[in-house]
Amino acid sequence: MKRIVKVAVAAATAGCLALAGCSGNSDTPSGNDSTGQEQVEVFTWWSTGSEALGLEAMVEVFDRDHPDVNFVNGAVAGGGGSSKNLLQDRLDAGDPPDSFQAHAGLEIQDYILAGQVEDISALYDEFNLRSVFPTDLVDLLTSGGKIYSIPSNIHRANVIWASVPVLTAAGLPATAEFDSMSAFIEALEQIKTATPDAIPLSVGGVWTQVHLLEVVLIAELGPQAYNGLWDGTTDWKSGEVKAALEIFNKLMSYTNTDRDSLDWEEPSTMLIDGQAAFNIMGDWAPANFDSKNQVDGADYVYAPAPGTAGVFDFLADSFTLTTGAPHPEGAKAWLQTISSLDGQVAFNQIKGSIPARTDITPSDFSTYQQTAISSFKNDTIVPSLQHGAAATIVQLNTITQAVSKFTSGASDIETFQAELAQAMA
Ligand code: GAL
């Protein structure tokens, strides 16, 4: 009988690392578990709610395809924020999971440069993957001609979600479409006045605030100048950036005060519970709506985030073979499943993202996902800051600290702007 074992929750992992020789894997010297079976420990932050359901769907395919390998679930809570720090602690402590979730773009490049992930180009040949992924995406996973991870999915970050009952109660039309942030702010103002008990815009802890900031930067600067923030051609100290930060500040004034203790799912669920009107979040949100039986169009509506129609703010999850992985054969089995058509279809149908593979049938996916498939094909693609595509891990951490200081009232807009400029200098 195969097992799904949860070995690493945040606190347990931290405690475990403090103990010499405690690895979290009950492996024997042969690399198998105590029952003699091959295993693979996979690190993600898909630890709860709809994200855990997405992972489970992938694991079902894995169990079918690799009945001889135990899946060990190394998921930790904390989203793409604190959980990445826990992963780093494990890598630094020489206690690597066999495979881990990493974002395409500068984030995976960091792990490549640090020698923490193996070249898996040969698996692209063995699994016949060379022609199934978009070339631009594989380029983001490549360094020096070698490919270091396999993408499982593509998410769009610039989406706004709205609660139809809350909009209706405030006398607003049931739409999330706004041409600009200023038109959106008028709607937020109306929610505040007409339904004082409702939160106009729900948000969570600091990583979700960085996510909101990146969407505001895209809306206010436009895709070209937004791209320039990452390649040095847009001046972080400019008046345009300052105006965008003022909009960000204004949006934050409509958000819930308990935000800092929350991940993304609670603010999304506030729409379902009738507590909040709008939420700007990536398209892992529909999985939350689906898992709570919400009906697209009747209970919730969505659109590209205000002022970002025609832009696809891109991120992709990918999986690695970790350097020093205790179970490389198990990791190879996992990488086979996550790269397979069956694995990508089963996972993405639940997760809300679109498969990274291009040989899929769009009608196998939800109405929302079909809009994402079409946008990814036709719109201008820009890299996500929060989700590892645009900036290195160190740059993102520095930006995150600046955002946290600003939204907690410990810095003013001038200091905030100077700290962002410094992070990217
Ligand atoms: C992103 C990740 C997504 C989703 C999201 C929220 O960084 O790429 O797959 O998990 O975080 O947790």
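Atoms within a ligand are numbered from 1 in the order they appear, just like the ligands themselves.
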Task: Short N or O distance, His387 and ligand 1, threshold 3.5 Å exclusive - done: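 Yes.
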Task: N or O contact, Trp46 vs ligand 1, cut-off under 3.5 Å - done: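 Yes, at least one N or O pair falls under 3.5 Å.
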Check for me whether the distance between the ring centres of [X] and [Y] falls short of 6.0 Å.
X      : Y      : answer
Phe100 : Phe43  : no
Tyr302 : Tyr368 : yes
Phe319 : Trp334 : yes
Trp230 : Trp236 : yes

If the cut-off is 4.0 Å to any non-hydrogen atom of [X], which atoms of ligand 1 fall inside it?
X      : result
His103 : 1 (C), 2 (C), 7 (O), 8 (O)
Trp264 : 6 (C), 12 (O)
Asp317 : 2 (C), 3 (C), 8 (O), 9 (O)

Open item on the list: How far is atom 11 (O) of ligand 1 from the closest protein heavy atom, and which atom is that?
Closed with: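 Nearest protein contact, heavy atoms only, for atom 11 (O) of ligand 1 is Trp45 NE1, 3.1 Å.
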Open item on the list: What protein heavy atom lies closest to atom 4 (C) of ligand 1? Include the residue and the distance to one decimal.
Closed with: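 Residue, atom and distance for the closest contact: Glu51 OE2, 3.1 Å.
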Open item on the list: Within the structure, is a non-hydrogen atom of Gln386 found at a distance of less than 4.0 Å from ligand 1?
Closed with: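 In this structure, Gln386 fails to qualify as a contact of ligand 1 - no heavy atom is under 4.0 Å.
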Task: Side-chain heavy atoms of His211 within contact of Met281, under 4.5 Å - done: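 The answer is yes, as the side chains (C-beta and beyond) meet within the 4.5 Å cut-off.
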Task: Side chains of Trp207 and Asp263, donor plus acceptor under 3.5 Å - done: yes
TODO: Report the part of Asp263 (side chain from C-beta onward, or backbone N, CA, C, O) that has a heavy atom under 4.0 Å from ligand 1; answer both or neither where that applies.
DONE: neither
